[in-house]
Peer 1: 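Dropping the structure in here first, questions after.
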Amino acid sequence: GENVEQHPSTLSVQEGDSAVIKCTYSDSASNYFPWYKQELGKGPQLIIDIRSNVGEKKDQRIAVTLNKTAKHFSLHITETQPEDSAVYFCAANAGGTSYGKLTFGQGTILTVHP
Amino acid sequence: EADIYQTPRYLVIGTGKKITLECSQTMGHDKMYWYQQDPGMELHLIHYSYGVNSTEKGDLSSESTVSRIRTEHFPLTLESARPSHTSQYLCASSGNVNTEAFFGQGTRLTVV
């Protein structure tokens with residue numbers, strides 16, 4: 001089955017700095033790669049996603065890059081703010097199946113210091 | 001804000017009790033999912049459904065069972081709760097075409 005590895009497990013940055021989280025996946029049939037943000041006491045919320053026919057996608061301060069050959073994808077957050085502090089999860093849809101049947105990475109606790 | 005609701009939000013229950021965690025969505029999504037999230041944070045798929053009367057087991061083995069009698073409703077049942085079932089259970093749904101999955105707020109279950 002699919003295996004998704006996520007690094008780092010914790011990330012601490014100063015407000016205004018950039019943050020980068022990296023993930024690798026194993027199933028070459030996966031074709032959808034979402035990133036979810038989970039705040040304390042809440043369910044995961046989608047912040048950005050990318051499909052396998054695209055190499056990069058940007059939405060304001062957030063961007064995701066995908067390298068299909070190397071089977072890795074990354075989340076980039078620029079100009080970080082304290083409200084960006086949360087747990088971030090990458091995921092992949094194993095076997096190219098539905099966009100909700102996901103294998104998740106281990107999560108990254110991002111702390112942005114004012 | 002996603003229209004997917006889970007009840008209860010928190011549940012503390014004794015060993016051996018039968019419990020049902022409720023999940024409902026008002027988006028008309030055909031596909032629904034249950035994920036288990038342990039304190040170590042990683043989410044694991046335990047059940048999914050692609051429509052009424054369709055249920056499948058996920059990647060992580062679970063003693064829970066699910067049913068899908070109505071499109072909007074996907075309850076999860078534990079016949080006899082044990083301390084090893086203590087975890088957070090997250091419900092999600094996605095549309096018929098390839099669209100993102102929306103998650104509920106979760107139910108945090110503690111079995112004592």
Side-chain angles (χ1 to χ4, degrees), chain A residues 1-11 21 23 25-27 29-54 57 59 64 86-110, chain B residues 1-10 21 23-25 27 29-51 54-61 68 74 87-108:
Chain A
E2 174 68 280
N3 183 49
V4 178
E5 296 288 333
Q6 181 172 347
H7 299 280
S9 56
T10 61
L11 181 58
I21 304 171
C23 289
Y25 64 98
S26 62
D27 187 351
S30 294
N31 57 10
Y32 175 67
F33 307 92
W35 286 88
Y36 283 87
K37 175 183 181 182
Q38 187 174 26
E39 297 175 320
L40 200 61
K42 296 186 177 181
Q45 183 175 14
L46 182 78
I47 55 170
I48 196 167
D49 57 15
I50 191 166
R51 288 155 176 78
S52 60
N53 58 347
V54 175
K57 183 177 178 181
D59 183 4
V64 57
V87 182
Y88 290 81
F89 291 96
C90 63
N93 66 330
T97 54
S98 80
Y99 285 11
K101 192 167 177 279
L102 300 168
T103 299
F104 281 84
Q106 295 82 359
T108 297
I109 301 173
L110 173 64
Chain B
E1 198 75 19
D3 295 322
I4 181 163
Y5 308 99
Q6 290 186 243
T7 57
R9 288 292 313 279
Y10 304 94
L21 308 184
C23 176
S24 294
Q25 50 93 7
M27 296 174 281
H29 287 168
D30 281 339
K31 300 182 177 71
M32 296 189 73
Y33 317 84
W34 277 103
Y35 285 85
Q36 184 173 337
Q37 184 175 33
D38 288 333
M41 299 191 306
E42 193 168 352
L43 289 86
H44 295 280
L45 181 69
I46 52 174
H47 298 284
Y48 63 98
S49 167
Y50 284 171
S54 153
T55 61
E56 301 286 345
K57 290 189 178 295
D59 304 321
L60 182 68
S61 176
R68 190 89 183 276
F74 191 39
S87 190
Q88 169 147 268
Y89 293 84
L90 289 157
C91 181
S93 71
S94 65
N96 202 18
V97 295
N98 282 333
T99 55
E100 68 180 273
F102 294 91
F103 281 82
Q105 298 270 52
T107 293
R108 185 166 293 282

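Predicted, not measured: the structure shown is a model, and the values here were computed from it. The sequence lines fix the lettering, A, B, ..., with proteins before strands; numbering per chain opens at 1.
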Peer 1: Please classify the contact between B:R9 and chain A as side chain, backbone, both or neither, with a heavy-atom cut-off of under 4.5 Å.
Peer 2: side chain

Peer 1: Less than 4.5 Å to any heavy atom of chain A: does that hold for the side chain of B:L90, its backbone, both, or neither?
Peer 2: side chain

Peer 1: What part of A:Q6 gets within 4.5 angstrom of chain B, counting heavy atoms only: side chain, backbone, both, or neither?
Peer 2: neither

Peer 1: Indicate the atoms forming the closest heavy-atom contact of A:G100 with B:S94, along with that distance.
Peer 2: N-OG, 4.1 Å

Peer 1: Answer with side chain, backbone, both or neither: which region of B:Q6 has an atom nearer than 4.5 Å to a non-hydrogen atom of chain A?
Peer 2: neither

Peer 1: Any side-chain heavy atom of B:F103 sitting closer than 4.5 Å to one from A:K42?
Peer 2: no

Peer 1: Can you see which heavy atom on B:T99 is nearest to which on A:Y99, and at what distance?
Peer 2: O-CB, 3.2 Å

Peer 1: Could you have a look at A:G107, A:G41, A:P44, A:G1 and say which one has the most heavy-atom pairs with chain B under 4.5 angstrom?
Peer 2: A:P44

Peer 1: Using side-chain heavy atoms (C-beta onward) and a distance below 4.5 Å, is A:F89 in contact with B:M41?
Peer 2: yes

Peer 1: Run the side-chain hydrogen bond (donor to acceptor under 3.5 Å, both in side chains) test on A:S98 and B:Y33 for me, step by step, so that the C-alpha distance in whole Å, both residues' side-chain angles and the decisive distance to 0.1 Å come before the verdict.
Peer 2: CA-CA 11 Å; A:S98 80; B:Y33 317 84; 2.9 Å; yes

Peer 1: I need the residue from B:H29, B:E100, B:Q88 with the largest number of non-hydrogen atom pairs under 4.5 Å to chain A.
Peer 2: B:E100

Peer 1: Check whether any side-chain N or O of B:Y35 sits under 3.5 Å from a backbone N or O of A:L102 as a donor-acceptor pair, and report yes or no.
Peer 2: yes

